[in-house]
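Every value quoted in this text rests on a predicted model; they were computed, and no experiment measured them. Letters A, B, ... are given to chains in the order of the sequence lines, protein chains preceding strands, and every chain is numbered from 1.
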2 protein chains.
Amino acid sequence: MPQHLRRVAKQPSVQRLPAYLRLIKELRDLGEEAVSTTYLAELLDLQPIIVRKDLSVTGIVGRPRIGYDVGELVAAIETYLGWDQVRDAILVGVGHLGTALLGYHGLDDYRLRVRAAFDTNPALAGQSVHNCPVYPWDTAPSFVSAHGIQLAILTVPASAAQAVADTLAAAGIRAFWNFSPVKLHLPPSVVAHQEDLTAGLGVLSLKLRLLLASEPGE
Amino acid sequence: MPQHLRRVAKQPSVQRLPAYLRLIKELRDLGEEAVSTTYLAELLDLQPIIVRKDLSVTGIVGRPRIGYDVGELVAAIETYLGWDQVRDAILVGVGHLGTALLGYHGLDDYRLRVRAAFDTNPALAGQSVHNCPVYPWDTAPSFVSAHGIQLAILTVPASAAQAVADTLAAAGIRAFWNFSPVKLHLPPSVVAHQEDLTAGLGVLSLKLRLLLASEPGE
DNA sequence: TAGATTGTTAATCGATTAACAATC
DNA sequence: TAGATTGTTAATCGATTAACAATC
């Protein structure tokens with residue numbers, strides 16, 4: 001493995017990389033050949049030096065006065081995040097959010113392929129949601145081991161999340177993208193990332209409250 | 001406004017408050033009267049001192065050896081975030097994600113009421129999605145000003161987000177919960193919070209790549 | 001050349017952690 | 001009382017920002 005792919009960026013940096021990637025791909029599709037951190041920073045309301053530091057973890061080198069080669073930069077970020085290769089995934093819990101994610105073409109852009117969805121509701125089994133087959137939950141472990149799936153998207157109710165994760169981890173899942181509002185406790189050989197929509201709503205609500213409180217007449 | 005509601009917690013703290021609130025409400029519903037930071041920290045894989053620091057911004061005081069009063073703590077966090085009062089909202093963009101959010105009862109738990117949804121698709125106008133009426137997008141500005149709506153949830157395509165936000169801000173919207181993968185540029189009298197699902201996917205993908213790379217046989 | 005941009009090194013800032021007195 | 005927990009103050013750690021030489 002090349003040295004620069006070993007560098008571990010801290011979470012704030014990693015979280016910004018997908019936003020850079022999105023913009024740079026747009027520029028590429030518009031025919032641009034180079035991009036500067038000054039420009040990216042302006043679009044994202046960041047300091048140019050932050051963008052430069054963030055990009056440096058991917059090992060990319062730019063050219064003074066010109067910036068970074070757009071094609072190289074896309075490749076560098078994708079390689080760094082592991083988005084350069086197709087990864088198979090399953091989704092568990094075909095409710096509102098699960099259905100929405102199955103219909104979200106964005107995942108495809110990042111080469112994440114949801115091969116199957118699972119649900120305990122027998123009415124869903126055998127159906128196809130946004131072109132993804134839905135199977136009974138019982139069959140998930142054998143599907144995972146048969147196809148060597150490493151990534152699972154969890155959109156199950158909070159009460160079920162830990163048990164579902166335990167079962168899938170035993171079947172071979174190594175990474176959970178967890179949309180259930182529960183912190184998963186897993187062995188060190190498995191990684192997880194929790195999406196918490198209410199965290200964002202909390203930040204926004206506080207901002208709004210402080211904004212309104214700061215205004216005359218309050 | 002009481003002094004402690006003026007204290008502005010930093011973003012990492014604020015983001016953790018909703019997770020505390022969720023757990024504490026569960027405890028309350030189980031009949032618990034007190035909770036310690038030691039206990040909350042264990043459930044969330046955090047240090048107790050972090051939890052204590054985070055809670056202190058709400059102005060709550062605990063009792064040594066006992067912890068915090070569960071009812072008081074729920075009230076303190078809700079008041080701090082502005083979740084103690086019902087807030088009206090609209091949603092713009094009734095696609096997969098917009099539909100999922102309309103069906104998400106979680107919003108109701110935080111007293112966020114989506115009064116109407118809007119879409120440019122004429123086939124949707126007049127329909128009702130998860131008990132929320134859908135109207136033509138053109139009518140959004142007048143709805144916002146007529147009802148004094150301050151918060152808007154944006155689930156529109158990236159290409160439309162900035163224009164939609166500009167229009168709504170002019171009509172009186174003060175806060176945007178933005179699910180479009182675009183950084184909004186808004187006047188200082190308006191706040192926004194961007195949800196970026198791909199940021200989380202990036203973090204998870206990197207964790208997985210590093211996990212696999214660290215294993216024997218790689 | 002002049003000026004813009006990269007990329008390094010050092011300084012600052014803020015969040016996390018440690019230490020510990022207070023208290024129930 | 002002994003022991004667990006709160007809450008403050010100080011220390012550490014890590015991320016952001018500043019300064020600036022290198023370079024195209």
Task: Secondary-structure notation, DNA chain D, from Watson-Crick and G-U pairs under 3.5 angstrom (| other strand) - done: ..||||||||||||||||||||||

TODO: Please state how far atom CZ in B:R65 lies from atom P in D:dT6, giving the value in whole angstrom units.
DONE: 11 Å

- [ ] Indicate yes or no for a side-chain donor-acceptor contact from B:T155 to the backbone of B:G93 under 3.5 Å, with no hydrogens or angles considered.
- [x] yes

Task: Short side-chain N/O contact to C:dT16 OP1/OP2 from B:R16, under 4.0 Å - done: yes

TODO: Would you mind reading off the distance between A:D69 atom CG and D:dC24 atom P, rounded to a whole angstrom?
DONE: 15 Å

TODO: Rounded off to whole Å, could you give me the CG-to-C1' distance for the A:D54 and C:dG7 pair?
DONE: 14 Å

TODO: Check for a donor-acceptor pair, side chain of A:T198 on one end and backbone N or O of B:P18 on the other, with a separation under 3.5 Å.
DONE: no

Task: CD (A:E33) with more than 12 external heavy atoms under 6.0 Å - done: no

Task: Nearest-nucleotide 5' precedence on DNA chain D, B:P64 against A:P64 - done: B:P64

- [ ] Specify the residues of residues 45-53 of chain A, ordered by number, for which at least one heavy atom lies under 4.0 angstrom from an atom of DNA chain D.
- [x] A:Q47, A:I49, A:I50, A:K53

Open item on the list: Can a donor-acceptor pair be found, under 3.5 Å and without considering hydrogens, that links the side chain of B:K183 to the backbone of A:L43?
Closed with: no

Open item on the list: I'd like to know if the side chain of A:N178 and the backbone of A:V182 have a donor-acceptor N/O pair within less than 3.5 Å.
Closed with: yes

Open item on the list: In this structure, how many angstroms lie between the P atom of D:dT5 and the CG atom of B:L73, rounded?
Closed with: 16 Å

Open item on the list: Checking the side chain of B:R28 only, and the main-chain atoms of B:G71 only, is there a donor and an acceptor separated by less than 3.5 Å?
Closed with: no

TODO: Classify the angle between the aromatic ring planes of B:W83 and B:Y110 as parallel (below 30°), tilted (30 to 60°) or perpendicular (above 60°).
DONE: tilted

- [ ] Inspect the surroundings of OH in B:Y39 and state if more than 12 heavy atoms from other residues, nucleotides or ligands are less than 6.0 Å away.
- [x] no

TODO: Flag the pair B:R115 and B:D88 as a salt bridge only when some basic side-chain nitrogen lies within less than 4.0 angstrom of an acidic carboxylate oxygen.
DONE: yes

Task: Whole-Å gap separating P (D:dT5) and CD1 (B:I60) - done: 17 Å

TODO: For A:R16 and A:V51, indicate whether the former's side chain and the latter's backbone hold a donor-acceptor pair under 3.5 Å.
DONE: no

Open item on the list: Working note: B:R111 + B:E78, criterion salt bridge (charged side-chain N to carboxylate O under 4.0 Å, His left out); need CA distance, chi angles, decisive distance, verdict.
Closed with: CA-CA 10 Å; B:R111 297 191 178 82; B:E78 287 188 338; 3.3 Å; yes

Open item on the list: Just to be sure I understand the geometry, which residues of residues 24-44 of chain B put a non-hydrogen atom under 4.0 Å away from DNA chain D?
Closed with: B:S36, B:T37, B:T38

